[in-house]
Engineer: 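Here it is: the structure, laid out below.
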Amino acid sequence: MNVNRLTANDLRPAHSRAMSFGRVLGILAGLLGAGTAGAGSWPAMNMPVGVTVLSHSIYDLHMEVLWVCVAIAAIVFGVMIVAMIRFRHSKGAVPDINMTHSTKAEIIWTVIPVLILIAIAIPAAKGILQIEDMRGAGLTIRVTGYQWKWQYTYLGKASGISFFSTLSQSSNFASQLHSGIDPRTVPHYLLSVDHPLVIPSGVKVRLLLTSADVIHAWWVPDFGAKRSAIPGFINELWIKVLPGKEGVYRGQCAALCGRGHAFMPIVVDVKTPADFDKWVAQQKAALKQAAAASAAAAAPNNAPVAKAGAAGRAIEATVHRATRPLMARVLD
Amino acid sequence: MAHAIDTAHDVHAAHDHTLAHDGPATGIKRWLFATNHKDIGTMYLVFSLIMFFVGGSMAMVIRAELFEPGMQFVDPGFFNQLTTMHALVMIFGAVMPAFVGLANWMIPLQVGAPDMALPRMNNFSFWLLPFAFTLLLSTFFVPGGAPAGGWTMYPPLTLQFGDSFPMLIFAIHLMGISSIMGAINVIVTILNMRAPGMTLLKMPLFVWTWLITAYLLIAVMPVLAAAVTMLLTDHFFHTSFFNAAGGGDPMMYEHIFWFFGHPEVYIMILPAFGIISEIIPTFSRKPLFGRNSMIYATASIAFLSFIVWGHHMFVDGMPMAAEMFFMLSTMLIAVPTGVKVFNWTATMWRGSLSFEPPMLFAIGFLFMFSIGGFSGIMLAMVPADFQYNQTYFVVAHFHYVLVPGAVFAIMGGIYYWLPKWTGNMYNMTLAKTHFWLSTIFVNVLFFPQHFLGLAGMPRRIPDYAVQFTDWNMVSSIGGFGFGLTQILFAIAIIQCVRGGKKATARVWDDAAPTGLEWTIPSPAPYHSFTTAPEID
Amino acid sequence: MAQVHAPNADQYYVPHSSPWPIYGSVTLFTIMAGAVATLDGWLPVWSLLPGFAMLAGLFIFWFGTVIKENESGMYNMTVDRSFRLGMMWFIFSEVMFFAAFFGALFYARALVMPWLSGGGTKLLTNILLWSNYHGTWPTNGPAAIGPRANGSFQAVPALGLPALNTAILLTSGITITIAHHALLRGYRRRLAWFLAATFLLGFTFVALQATEYHEAYTRLGLQLGTGIYGSTFFMLTGFHGLHVTIGAIMLFVIWIRVLRGHFTPQRHFGFEAIAWYWHFVDVVWLGLFIFVYWL
Ligand code: HEA
Ligand code: HEA
Ligand code: CUA
Ligand SMILES: [Cu+2]
């Protein structure tokens, strides 16, 4: 098989099994108190701050709640540890058997948590309002989950553009059982696709999520955006990538959807609005060409519509308006 | 005592000459035809231990596959089967039966009853379980393999599975019937069989938490049965409960399932609270602090557990008002749970603490359950849950509350009462080693999963992107260590059953535990309290 | 053996050992295995028979044992109370089982149907996926799933058979209460007659329900597979009908026991348990009549 050539084309320096094993030993040593395991190589352990309005506010909320919990834990665990040190039977501690209740103490430790909870509920509630505010979108894209790929269909001014986004071949080969390919040699292993979603930065992009078969969930951690795609329903989600944060962002399906659940990643290419418009124009031109070509070929082309821009077809209409939708047919 | 046993002898003799003896029946009949709460309790506990090993072995394969990126050992479909079955076996086969086993052994002893209220039904509840799990585990051998849609069994995915599908549904029905009957037995025993003078408020906390748990079980197991029945008819009989085309909704399943599912997680923790509330006062040599508020807190948790289910569905697209409501109600649970944690701490405060194995497990529980609780509170924050949901952060959360939470409490309870059951002390050093190794490894196993989740690793995946490698290796090493350590547990128990230093009636003489169970000899006689004890 | 009829009132009867629980477990397993084999197409439907035959045996033997023990006076009042409490909590579990199906009905009707029709925040669900759908209850969904080619169907009108069935069940609730009072006062003949009336009414209900199902299947286009309405309708009324059938059979058994002289004004757990069960079935029906047929 050609697999070797494929991996030889690799873009990233190989980051070998021995290396990561060594680091793991370092981490374990670190856990035993030997300090951090080699500065700089410590793997990620917190939520990404991300590149959208929402991801920032979620990150802030996450850190706030995290610190609140750490603080409570420090106090509660501290008291427990002091108790275990001071009141040891072996040190001759005498139990105070009359200490059986104290209304005052109990009121205090009911009221204080309530106050803390209110304090963290307020930013959380604000966050909900922000997340659910779908108004003012500049671009709307319909996202349909399939076992196991995504379909992106642009609505509005970019309408007509529609394509599937599937796990890249290199990841696919390497992820086969006993493939013999070291995933560390595959670029963006399991996080790369043939046709990424393309969106502009600085614009509120609204995603309309649905599914053609089972429940999937669309998630890009850097966007702080996750929503389930439920067959028969539309769920909404919005993203606004901060200007200046253009680039490629990656995520994965986040709802168990069968064997291929780990293998339907999401890749989003965020372009500046100008570049995005250029991309749209290109796609539309390609569409026109394709339409002309297929008119010439007369015979309807049943090949998979997997090429970016090749798809003007009303897939959505056929999928969902059928008397029994795809979901039901899958079940039969 | 002698008098009581004599009385029993006379009455039984009068009823049935052939069975006119007080000891257990001989041979296999003792177990197949059992009606004695201790025998049935033992069977539950043994069954649960076996299932813990079965479910744990599946987890070991999961951890082995996740040791490195790439697919090394199993096919992705089989991996999903393992995840699904691991959870079902652990929840319905290991943790719940373990609690029922403890209830069987201890509730009659703690309330001064001669046995469980409905002894034959008790045996029925038990024997359904081996059959239910035979049905469930044999799905591995049918075409298409075991169910692989997650333990939550969401449609439409779960409807896609072939021959295993009805086996899954009927196995759950059997488990449900078993749980409901077990719970009815517990409630009736507690309400009807208490010795004179054992008022409700005097009941030990383990009994109290079980009373409330049994209520939860009877309230929600039928709802699970209904949910899976709807799956069954959607699959085989053309109903449209979860099919939008027919006017149904896959989300409706989620609502019904979690209406069961959330109380279910408290079913797995309330009896644990009860055990901890027994152990900590004993080894602090001091009465439980805030006894009554402990009971009220347990009841509040149970009540709240019915109105928080939506927190499992934040990203699935609920109306905004529902998100707000479920977030706030979920956060409220921290308050009564906090009351419990603070009361335990206050019990230790100004006590006289010693650290026998049960106490070690109880203290481990206090710390690590709280860690799991804190991550629960984080999960309840809707916006943050948009990032946490369906990641290893959730996996870390629930394993903290389930493994060093529920499972540690069970182990602590077993170490607490085992000498009472067998009449022998176990090897303390072995038990303490078991504790320390378990504690170290369980943290190596599950703490890094928080990092993985935050960094973006989804759950329920057999293979992952390379940046997650390091923490997964750490986690797997912890997993293997934790798994191997459990062999010590089995050894400690088997040794103790076989023999050992004789235990006194009070077992923990030095700590002078209170409660009726310590007034009878060790091992507990086959029939205890045939004449009701006096309670001051 | 003298003590058999003069049991020690302090003594809680704990049976020494019993084969029925394990037999019961084997029975349920056999039924489930038969159902699996049928649904998976491994064996024809008759594979369910052995399980159900064993189930009949289970009831006869286990309940027979209990009845015999009871009649020979082995149970004191505490045992009696255990049985009562057990029955009450069992009925509670049944209530929750039905509650789940009612919940499904309300959810589908009050939330899903409006959502699919574009209500609330789900306008786009309607526009993009189901633009021809504007649901009114009863509905079989946007794809009009059902047996007829055009997807139409009719609901069973509340004022026909269902109203009659309501009257029948309510009457049976009264007759069983009369029977109960007769039992308490020791009027055995009245007891027997009213009990007979109760189970006859019960069987009549089942027969009428069967007629209604036949109508629905053949003339109304209303089947289990008729979208969400058919699903909730048949699951709710079906499980209820099953409960009526079981209840009526149990009433019949109780009637035989009455004829044999069982039950005393003080002790009649078996009678009471079934009376409670019957009232429960009655109340569920009222819920069905109101929410499934009427509103
Ligand atoms: C024994 C089982 C158990 C227990 C006890 C809990 C307890 C809690 N759980 Fe957990 N949970 C699970 C088992 C359990 N959970 C499981 C199995 C899942 C996943 C299911 C699946 O998807 O497969 C899950 C998932 C889960 C989710 C969904 C996450 C997601 O899928 O996105 C959420 C969200 O709110 C949640 C919240 C909570 C909360 C708030 C508590 C609270 O009860 C915790 C309360 C305790 C404390 C807070 C600590 C002690 C308190 C103090 C010291 C007082 C002071 C504290 C404060 C003021 C904060 N849990
Ligand atoms: C009470 C419940 C319970 C318990 C006790 C456990 C115990 C463990 N769980 Fe479990 N787990 C769940 C409930 C539980 N889990 C649930 C509900 C899920 C979600 C499923 C879903 O997504 O649907 C889950 C999912 C889950 C996952 C995520 C899978 C995925 O998302 O794909 C992982 C991964 O690490 C995991 C690991 C473990 C491990 C290592 C243990 C260990 O604690 C087990 C330790 C025990 C043993 C190992 C057995 C004893 C020892 C031997 C048999 C000796 C041999 C040992 C060796 C060869 C080393 N569990
Ligand atoms: Cu698609 Cu998981
Ligand atoms: Cu929950």
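Chain A is the first sequence line, chain B the second, and so forth, proteins listed ahead of strands; every chain is numbered from 1.
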Engineer: Taking the side chain as every heavy atom from C-beta outward, state whether B:Arg120 and C:Thr65 have any pair of such atoms under 4.5 Å apart.
Structural biologist: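 Result yes, sub-4.5 Å side-chain heavy-atom pair found.
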Engineer: Which atoms of B:Leu191 come close to chain C, meaning under 4.5 Å heavy atom to heavy atom: side chain ones, backbone ones, both, or neither?
Structural biologist: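 Looking at B:Leu191, backbone and side chain both touch chain C.
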Engineer: Are B:Asp249 and C:Leu116 close enough, and set up right, to give a side chain to side chain contact (heavy atoms under 4.5 Å, CB included), and what steps lead you there?
Structural biologist: CA-CA 9 Å; B:Asp249 182 353; C:Leu116 292 171; over 6 Å; no
Engineer: What do you reckon, is CZ of C:Phe59 surrounded by more than 12 foreign heavy atoms closer than 6.0 Å?
Structural biologist: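 Not buried by this count: 12 neighbours or fewer within 6.0 Å.
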Engineer: Would you mind checking which part of B:Leu232 comes under 4.5 Å of any heavy atom in chain C, side chain (CB onward), backbone (N, CA, C, O), both or neither?
Structural biologist: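 Answer is side chain: those atoms of B:Leu232 sit under 4.5 Å from chain C.
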Engineer: Can you name the nearest heavy-atom pair linking B:Ile184 to C:Gly86, along with the distance?
Structural biologist: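 Closest heavy-atom pair between B:Ile184 and C:Gly86: CG2-CA, 3.7 Å.
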Engineer: Which bit of C:Thr125 is near chain B, if near means a heavy-atom gap under 4.5 Å: side chain, backbone, both or neither?
Structural biologist: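 The answer is neither part of C:Thr125.
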Engineer: Taking atom CZ of C:Phe106 as the centre, report whether more than 12 heavy atoms of other residues, nucleotides or ligands fall under 6.0 Å from it.
Structural biologist: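 It does: C:Phe106 CZ has more than 12 such atoms within range.
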Engineer: Report yes if the side chains of B:Phe237 and C:Leu39 come closer than 4.5 Å at any heavy-atom pair, otherwise no.
Structural biologist: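 Yes - at least one pair of side-chain heavy atoms lies under 4.5 Å apart.
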Engineer: Do B:Phe33 and C:Ile22 come close enough that some side-chain heavy atom pair is under 4.5 Å?
Structural biologist: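 Yes, close enough: below the 4.5 Å cut-off.
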Engineer: So that I know where these two stand, are B:Phe124 and C:Trp62 an aromatic pair - ring centroids less than 6.0 Å apart?
Structural biologist: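 They qualify: ring centres under 6.0 Å apart.
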Engineer: Need one label for B:Met320: side chain, backbone, both or neither, based on atoms under 4.5 Å from any heavy atom in chain C.
Structural biologist: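 Neither; nothing under 4.5 Å.
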Engineer: Within the structure provided, determine whether B:Phe131 and C:Leu28 are in side-chain contact (heavy-atom separation under 4.5 Å).
Structural biologist: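 Side-chain contact under 4.5 Å: no.
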Engineer: Between B:Phe241 and chain C, with a heavy-atom cut-off of 4.5 Å, which part of the residue counts as in contact: side chain, backbone, both or neither?
Structural biologist: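 Both backbone and side chain.
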Engineer: Answer whether the closest heavy-atom distance between the side chains of C:Phe29 and B:Pro130 falls below 4.5 Å.
Structural biologist: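 SC-SC contact between C:Phe29 and B:Pro130 ruled out.
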Engineer: Please determine, among C:Trp115, C:Phe234, C:Phe83, the option with the most heavy-atom pairs under 4.5 Å with chain B.
Structural biologist: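 The option with the most such pairs is C:Trp115.
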Engineer: Hey, which of C:Thr226, C:Leu85, C:Val66 has the most heavy atom pairs under 4.5 Å with chain B?
Structural biologist: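 Answer, by heavy-atom pair count under 4.5 Å with chain B: C:Leu85.
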Engineer: With under 30° as parallel and over 60° as perpendicular, where do the rings of C:Phe92 and B:Tyr215 fit, or are they tilted in between?
Structural biologist: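 Aromatic pair C:Phe92/B:Tyr215 classed parallel.
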Engineer: Looking only at heavy atoms, which two atoms of C:Ala108 and B:Gly247 are closest? And how far apart?
Structural biologist: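 Heavy atoms of C:Ala108 and B:Gly247 come nearest at CB-O, 4.4 Å.
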Engineer: Report which part of B:Phe259 has an atom under 4.5 Å of a heavy atom belonging to chain C: side chain, backbone, both, or neither.
Structural biologist: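 The side chain, not the backbone.
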Engineer: Heavy-atom distance under 4.5 Å to chain C: side chain of B:Val220, backbone, both or neither?
Structural biologist: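 For B:Val220, no heavy atom lies under 4.5 Å from chain C.
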Engineer: Within the 4.5 Å heavy-atom criterion, are B:Leu118 and C:Ser82 side-chain neighbours or not?
Structural biologist: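 Sidechains of C:Ser82 and B:Leu118: in contact.
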Engineer: Select one option (side chain, backbone, both, neither) describing which atoms of B:Leu128 are under 4.5 Å from chain C's heavy atoms.
Structural biologist: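 Both parts, backbone and side chain.
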Engineer: Taking atom CD1 of C:Ile228 and atom OG1 of B:Thr239, what is their separation to the nearest 0.5 Å?
Structural biologist: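 Atom-to-atom, C:Ile228:CD1 and B:Thr239:OG1 are 8.0 Å apart.
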Engineer: Using non-hydrogen atoms and a 4.5 Å limit, figure out which bit of B:Ile187 sits close to chain C: side chain, backbone, both or neither.
Structural biologist: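 B:Ile187 touches chain C through side-chain heavy atoms alone.
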Engineer: Which bit of B:His255 comes within less than 4.5 Å of chain C, counting heavy atoms only: side chain, backbone, both or neither?
Structural biologist: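 The answer is the side chain of B:His255.
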Engineer: Side chains of B:Asp163 and C:Trp42: do they bring a donor and an acceptor to under 3.5 Å?
Structural biologist: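 Yes, side-chain donor-acceptor contact under 3.5 Å.
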Engineer: Measure distances from B:Ile177 to the heavy atoms of chain C and classify the residue's part below 4.5 Å as side chain, backbone, both or neither.
Structural biologist: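 For B:Ile177, the side chain is the part near chain C, not the backbone.
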Engineer: A side-chain contact here means heavy atoms from C-beta on lying under 4.5 Å apart; do B:Pro166 and C:Asp40 qualify?
Structural biologist: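 They are in side-chain contact.
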Engineer: Just wondering, do B:Leu135 and C:Met32 contact through their side chains at under 4.5 Å, heavy atoms?
Structural biologist: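 C:Met32 vs B:Leu135: side chains touch.
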Engineer: So, for C:Met96 and B:Ile218, which heavy atoms are closest and what is the spacing to 0.1 Å?
Structural biologist: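 Looking at all heavy atoms of both residues, the closest pair is CG-O, 4.1 Å.
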